[in-house]
Amino acid sequence: MPKNEGAALRVLVCDPVDTIMLEMLKSKGFHVSYEPSIDNATLKDKVSDFEILVVRSRTKVTSDVLKKGQNLKVIARAGIGTDNIDIKFAETKNIQIVTAAGSSTQSVSELSIALAVDLSRKITILDRKSKEYILKKDTGTELFGKTAGIVGFGRIGYATAKVLNAMGIKVIAYDIQENHALMDEIGGSYVSLRKLLENSDIIFVQATLSDGSVNLISQDDLKLIKTGAYIINTSRSEFINGPALLMALKEGRVAGYAADVLWHEPPVDEWEKEIISMDNVIITPHIGAQTVEAQQRVAHYTVSNLLKKLQEMGI
Ligand code: NAD
C-alpha cells in the first residue's frame, strides 16, 4: 500500500475512466475522488487537497493548476500524449508524470484503418445521403496497391502499418527517430516529410505532439500533397494548419479528411466548424481509446505505472 505518513494518498480522477480503474485505486489503498467532468476553475480550487491527479486528454493541467497543487506528487495520464500537461512547469515543482503508453495502440490503429476505408469508399458520406433517401451510387477508390504515408511511426504507426501491409498497401513513413528493424518487418521505408506528402495516396498522422511540431504540416506543405490524397488524423489536429487544410479541401487537392481529434474540442473557430461541416470530412469525438479493451488496459497500465513511480519516489 502506498505510504503517506500514515494516511491514504488522495487521488483526484478528473476525466471519465472505466470503473475498474476506480476499484483498482481503492483496492490499493488510495483515497479516490471521482469528478469526471470537473472544469478547470473547480480543479484549481480543489487541487491542493490531492497528492495525485489522474487525467485523460480533456483536463488541461496548466501551470495555474500546478501552482495551486502544493501537495501534488504525481500526475497520471490515463492514456498517451501528455500535451495537455505543462510538463516543464511540473518538473520545476518536482511533480512526476506517468502514462499508460501502449494501452490503446490496437484500438487507435483499428480506428485509423476504419477511417481510411470509410473515406475511400465514402461510407459515411453515402450513409448520410441514404438516410435522406438519396440512394446515389458514388464511386470510391480501392486502397489496394496505393501508398500510405505514416507521420510518426511509433506504436500506433507500426500497428497501423502492419494491417496496411496485409491489405497490399505500400508503406512509407516519416519520423524524427527511425526504427529500421520495425520498418524492415513490414517492408516499408523511411522518407522525408516532403517525399511522404508528395507520394502518399493516404496520409496517417500518428506522431506525438510537442511544442516544436505544431503546424508540422504547414500551408506550404499542404501544397505538396499529391492531388486527391486523403488525410487521417488520430493523433492531434495541431500537427496540421487548419485554415490551410480547409482551403486544400475546398480546392479538392485533399480529397477527404477523417479525424478523431479537433483543434478545439468542441470546435471554436469558424474555419474549424467549416471543416467539420464538409461532406468529405468525417469526425469522431476523440474515441480512439474508447473501447472496452483499451479502457481496461488503460486502468491496469495507469495504476501499475503509478504504483511503480511512488515506489521509486519512496512514497
Ligand atoms: P509513440 O511514442 O509510440 O509514437 C509516436 C511517434 O511519433 C514516435 O516514433 C516519435 O518519434 C514520433 N514523433 C514525435 N514527434 C515527431 C515529429 N515531429 N515528426 C515525426 N514523428 C514524430 O506513441 P503512440 O502510442 O504511437 O501514440 C501516438 C499519438 O497518438 C499520441 O501521442 C497521441 O497524441 C495519439 N493518441 C490518440 C488517441 C486517440 O484517442 N485518438 C489515443 C492514443 C494516442
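For ligands, and for the atoms within them, numbers begin at 1 and follow the listed sequence. Heavy atoms only: backbone and side chains are in, while hydrogens, waters and symmetry mates are out. Sequential numbering from 1 along the given sequence is applied to the chain's residues.
- The single protein non-hydrogen atom nearest to atom 20 (C) of ligand 1 is Tyr174 CE2, 3.5 Å, given as residue, atom name and distance.
- Each of the atoms 38 (C), 42 (C), 43 (C) of ligand 1 lies under 4.0 Å from some heavy atom of Val108.
- Annotation: atom 29 (C) of ligand 1 to nearest protein heavy atom, Ala207 O, 3.5 Å.
- Remark: distances from the non-hydrogen atoms of Ser235 to ligand 1 include one below 4.0 Å.
- Counting non-hydrogen atoms of other residues, nucleotides and ligands closer than 6.0 Å to NZ of Lys46 gives a total of 12 or fewer.
- Residue Thr59 holds its OG1 atom at 9.5 Å from CZ of Arg77, rounded to the nearest 0.5 Å.
- For ligand 1, the atoms lying closer than 4.0 Å to a non-hydrogen atom of Phe153 are 9 (O).
- The stretch residues 252-262 participates, sequence neighbours left out, in these side chain to side chain donor-acceptor pair (under 3.5 Å) pairs: Asn233-Tyr257, Glu251-Arg253, Asp260-Thr284.
- Contacts with ligand 1 closer than 4.0 Å are made by backbone heavy atoms (N, CA, C, O) of Gln206 only, the side chain lying farther away.
- Counting heavy atoms under 4.0 Å from ligand 1, residue Ser213 touches it through the side chain alone.
- Atoms of ligand 1 lying under 4.0 Å from at least one heavy atom of His286, given by number and element, are 39 (C), 40 (O), 41 (N).
- If you check which protein heavy atom lies closest to atom 32 (O) of ligand 1, you get Thr208 OG1, 2.9 Å.
- Considering backbone and side-chain atoms alike, Asp260 places an N or O below 3.5 Å from some N or O of ligand 1.
- Taking each of Gly154, Gly152, Gly157 in turn, the one with a heavy atom nearest to atom 4 (O) of ligand 1 proves to be Gly154.
- Between Thr284, Thr234, Val298, it is Thr234 that holds the heavy atom closest to atom 37 (C) of ligand 1.
- Under 4.0 Å from ligand 1, heavy atoms of Arg155 appear from its side chain as well as its backbone.
- Considering backbone and side-chain atoms together, Gly102 places no N or O closer than 3.5 Å to any N or O of ligand 1.
- The local environment of CZ in Arg194 is sparse, with at most 12 non-hydrogen atoms from other residues, nucleotides or ligands closer than 6.0 Å.
- For atom 27 (O) of ligand 1, the nearest non-hydrogen atom from the set Thr99, Thr160, Ile156, Asn84 comes from Ile156.
- We find the OG-NZ distance between Ser218 and Lys223 to be 9.0 Å, quoted to the nearest 0.5 Å.
- Only the side chain of Ser104 comes within contact range of ligand 1, with a heavy atom under 4.0 Å; no backbone atom does.
- At a heavy-atom distance under 4.0 Å, atoms from both the backbone and the side chain of Asp175 approach ligand 1.
- With no hydrogens or angles considered, no side-chain donor-acceptor pair links Glu293 and Ser107 at under 3.5 Å.
- At the shortest separation from atom 17 (C) of ligand 1 among protein heavy atoms lies Ile176 CG2, 3.9 Å.
- A salt bridge is defined here as a Lys NZ or Arg NE, NH1 or NH2 lying under 4.0 Å from an Asp or Glu carboxylate O, and Glu274 with Lys250 meets this definition.
- Of all atoms in ligand 1, numbered sequentially from 1 with element shown, those under 4.0 Å from a heavy atom of Ala289 are 40 (O).
- Between Asp279 and the options Lys136, Lys129, Lys122, a salt bridge (Lys or Arg N to Asp or Glu O under 4.0 Å) holds for only Lys129.
- To the nearest 0.5 Å, atom CD1 of residue Ile156 and atom CD1 of residue Ile150 are 11.0 Å apart.
- In summary, the side chains of Arg236 and Gln206 do not present any donor paired with an acceptor at a separation below 3.5 Å, with no hydrogens or angles considered.
- Ranking the protein heavy atoms by distance from atom 44 (C) of ligand 1 puts Ile80 CG2, 3.3 Å first.
- Between the side chains of Thr124 and Asp118, at least one donor-acceptor pair of N or O atoms lies under 3.5 Å.
- Taking CZ of Phe89 as the reference point, atom CG of Asp64 lies at 8.5 Å (rounded to 0.5 Å).
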